[in-house]
Visitor: 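Handing you a structure now.
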Protein chains: 2
Amino acid sequence: MPSTEKSIASNTVSNTARSVVSSSRHSVVPTTRAEAVFRQLRQRIVEGDIAVGAKLSEPELAKHYQISRSTLRDALARIEGCGLLERKANVGYRVVGLSTDQLLEMFHVRESLEGMACRLAAQNMTTEQIAELKDLLVQHQANEKLQQGEAYFQKEGDLDFHYKIVQGSDNQLLIRLLCEELYYLVRMYRYQFGMASPRAKRAFSEHHNIIQAIEDRDGELAEILMRRHIAASRKNVEKRMQTHE
Amino acid sequence: MPSTEKSIASNTVSNTARSVVSSSRHSVVPTTRAEAVFRQLRQRIVEGDIAVGAKLSEPELAKHYQISRSTLRDALARIEGCGLLERKANVGYRVVGLSTDQLLEMFHVRESLEGMACRLAAQNMTTEQIAELKDLLVQHQANEKLQQGEAYFQKEGDLDFHYKIVQGSDNQLLIRLLCEELYYLVRMYRYQFGMASPRAKRAFSEHHNIIQAIEDRDGELAEILMRRHIAASRKNVEKRMQTHE
DNA sequence: CCACGGCATATTGTCGACAATCTCCCTTGA
DNA sequence: TCAAGGGAGATTGTCGACAATATGCCGTGG
C-alpha cells in the first residue's frame, strides 16, 4: 500500500477539503537527497516563497539545505526541466518571470493540449475513471457551497479536475508535458496573481458539460467544450488586463 | 564564422541539399564543456549512433569525451530535458524506447500543438516571415524534382517547414515545447524508422494550402489544415502498422 | 534442477576543492 | 561630470575521490 502522505499532510491548514481532492498527486517517497531538495525547492518556487525573477545563489541554497553544491545543482537542473528556472552560462539559475504575455501564452498552449487530452479521454477513459471524475465534481460543488466566495481552493480543485482528464487521455507524452511541466507553471501563476475567479459558477457548469461529453464518448464535442472552457478563462484574463491597464 | 560543423560535416553523404535548408538551426558556439558535450551527445542519440533503449555508462562517456563525470552529468541532465533520456535513481540514464504507441502519441500532441501554432502564425507572422516560408517551399520543390523518390531529405525539409511556422507563432512557450523538446524526438523516430514517405506529393500540396491560409490571415482555416496534415501522416503510419502486423 | 541468499564488483550519488568567468566598484583620464 | 579600464570579490564550471546503492555471480539448500 502507498503509505506516503506525510509532506502533503503537513499542510495542516487546508486539510478540510483540499487533501481529499489532491491526495493522488506525488505519492512516492524521495529516494535521494537531490530528489528531496528538488521537490522542496520546486514547491517553494511554485508557492512564491522564492520571488519570481529572483536569482538563486548556489552556495546559499546548498548551505540552507545542508547539501553540497553538486547535489543542489542536480536538483536545480530538474527544476529547470519543469520550466520554472532559466539558466545562463556562467551566471546561474533564475526563477522565470511571469508577464501577462506569458500567461496568455500558457492559455493558448493549454487550450490546444488539453483540448486534445479531452478528446482522447472521451475515447480512452474507463467507466471507473469517469465515475471518479463525477465524484470530484460533486465534492467541488459541496465544497463551494461550504465556503462560497473562497475561490482559491476551488481553483486548486479546478486543476485537479483538469489533471484527472489529462490522466484519462492515456497518452504518456501528453501527461508528461502537462502534469510534469506546464501545471507547475500554472500553479505558480495562480499563487502569484491570486486568481479570484468570478467565473466559479460558470466553470462548474462547463466542467459538468465536459464530463457529459466524455461519458457520451463524444470526443469531438469534448475537445470543443474543453477548448472553449479554457479560452473563456483566457478572455476573462484579457478583459481584466485591459481594465487594469 | 561558426566553425562547429565538424561532426555534422562528417556526414559527408548528405551535404548536397541538406545543409541548405537546415543551416539556420543552432548557430551559436557552445560556451562551456557541458554545453558542447550536450550537443554532441544529443545529436548522436537523435541519429541513432547510440541505440534506443541503451543504457549510458557515465564513466565510459566521461572518458570518451575527456571530461569529468560531473560535467557529463550536467550534459546528460540537459538531454533528459529534451525528452531523449530517462533517468532512474541509482541506476542511471537510458535512451528512451520508441514504440509505435509512442509514435502515435507524438502525432496526437503535434496535431494539437502545431495546429495552435499555425493558428497563431496566421495571426502573428510578418510578411517577411511568410515570404521566407514560401521560399522554403520553392526550394523543396526544386529539391524534390532533383532527387525524386529520395523522400528522406524531403522529410528533413518538412521539419524545417514546420519549424518555421512554429517560430512564426510568436509564442515562446509553444516554441520551446516544440523546437526544444518534441522535435528532437521526432527526428530520432525518423532516423530510426526511415520514414520513406509515400505522401511526398500530397504533403507538398498540403504545405502550399497551409501557407495560403496563413497569407490570408485565416487562422481558423490554417489550424484545421495543419491538423489534417499531421493527422494524415498519423493515419498513414497507422495503416502501415496494421499491414506489417 | 531450481530458488534463495550473500558476496564481489561496478555504477551512481555525494562531497569538497580548484579553476574560469562574471559582477561590481573604484580609479583614472578626458 | 562622465566614460573607460582595471582589480578585488564572489559565483559558476570543472575536477577527482569517497560513500551508498544496484547488478551479477556463486554457493547453498530444498
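Reminder, nothing fancy here: chain letters follow the sequence lines and each chain counts from 1.
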Visitor: Select one nucleotide: of C:dC15, D:dT14, C:dT12, the one nearest the side-chain heavy atoms of A:S70.
Guide: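 Closest of the options to the side chain of A:S70: C:dC15.
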Visitor: Check B:R176 with B:E180, please: is the shortest side-chain N to carboxylate O separation under 4.0 Å?
Guide: no
Visitor: Could you tell me whether B:L56 contacts a base, only the sugar-phosphate backbone, or nothing, with contacts defined as non-hydrogen atoms closer than 4.0 Å?
Guide: sugar-phosphate
Visitor: Given atom NZ of A:K55 and atom P of C:dC24, what is their separation to the nearest angstrom?
Guide: 10 Å
Visitor: I'd like to know if A:R78 pairs up with B:E80 as an ion pair, taking the criterion as any Lys NZ or Arg NE/NH1/NH2 lying under 4.0 Å from an Asp or Glu carboxylate oxygen.
Guide: no
Visitor: State which of C:dT14, D:dC15, C:dT23 makes the closest approach to the side chain of A:V91.
Guide: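 It is C:dT23.
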Visitor: Using atom CG of B:D74 as one end and atom C1' of C:dA20 as the other, report the distance to the nearest whole Å.
Guide: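 One finds 15 Å between C1' of C:dA20 and CG of B:D74, rounded.
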Visitor: Looking at C:dG13, D:dT11, C:dT14, which one has an atom nearest to any side-chain atom of B:R87?
Guide: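 Per side-chain heavy atoms of B:R87, the pick is C:dG13.
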Visitor: Do side-chain atoms of B:T126 reach the backbone of B:Q129 as a donor and acceptor pair under 3.5 angstrom?
Guide: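 Here the side-chain-to-backbone pair exists.
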Visitor: Select one nucleotide: of D:dC15, C:dG13, C:dC22, the one nearest the side-chain heavy atoms of A:N90.
Guide: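 In terms of side-chain proximity for A:N90, the closest of D:dC15, C:dG13, C:dC22 is C:dC22.
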Visitor: To the nearest Å, how far apart are A:L61 CG and D:dT12 C1'?
Guide: 14 Å
Visitor: Check the distance between D:dT11's P and A:R94's CZ and give it to me in whole angstrom.
Guide: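 For the pair A:R94 CZ and D:dT11 P, the rounded distance is 14 Å.
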Visitor: With a 4.0 Å cut-off, would you call B:R190 and B:D158 a salt bridge?
Guide: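 The answer is yes: the pair qualifies as a salt bridge.
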Visitor: Of all the choices, C:dG13, C:dC15, C:dT11, which nucleotide is nearest to the side chain of B:R73 once you look at every atom?
Guide: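 Nearest to the side-chain atoms of B:R73, counting from C-beta on, is C:dG13.
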Visitor: Tell me: CD of B:E60 to P of C:dT12, nearest whole Å?
Guide: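 Answer to the nearest Å: 10 Å.
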Visitor: On DNA chain D, compare the nucleotides closest to B:L72 and A:S57; which residue's is nearer the 5' end?
Guide: A:S57
Visitor: Determine the contact category for B:R69: base if any of its heavy atoms lies under 4.0 Å from a base atom, sugar-phosphate if only primed atoms, P, OP1 or OP2 are that close, otherwise nothing.
Guide: base
Visitor: With respect to the phosphate group of C:dT12, does any side-chain polar atom (N or O) of A:T32 fall under 4.0 Å of OP1 or OP2?
Guide: no
Visitor: Please pick, from C:dT12, D:dG13, C:dG16, the nucleotide with the shortest atom-to-atom distance to any side-chain atom of A:S68.
Guide: C:dG16
Visitor: What is the distance, to the nearest angstrom, from the CD1 atom on A:I67 to the P atom on D:dC18?
Guide: 22 Å
Visitor: Could you pick out which residue, B:P59 or B:R33, lies toward the 5' side of DNA chain C when each is mapped onto its nearest nucleotide?
Guide: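 The answer here is B:P59.
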Visitor: Taking atom CD1 of B:I67 and atom CZ of B:R69, what is their separation to the nearest 0.5 Å?
Guide: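 Output value for this atom pair is 11.5 Å.
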Visitor: On the nucleotide D:dG16, are OP1 or OP2 found under 4.0 Å from the side-chain N or O atoms that B:K63 carries?
Guide: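 Checking D:dG16 against B:K63, no side-chain N or O comes under 4.0 Å of OP1 or OP2.
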Visitor: What is the distance, rounded to the nearest whole Å, between atom NZ of A:K88 and atom C1' of C:dT23?
Guide: 11 Å
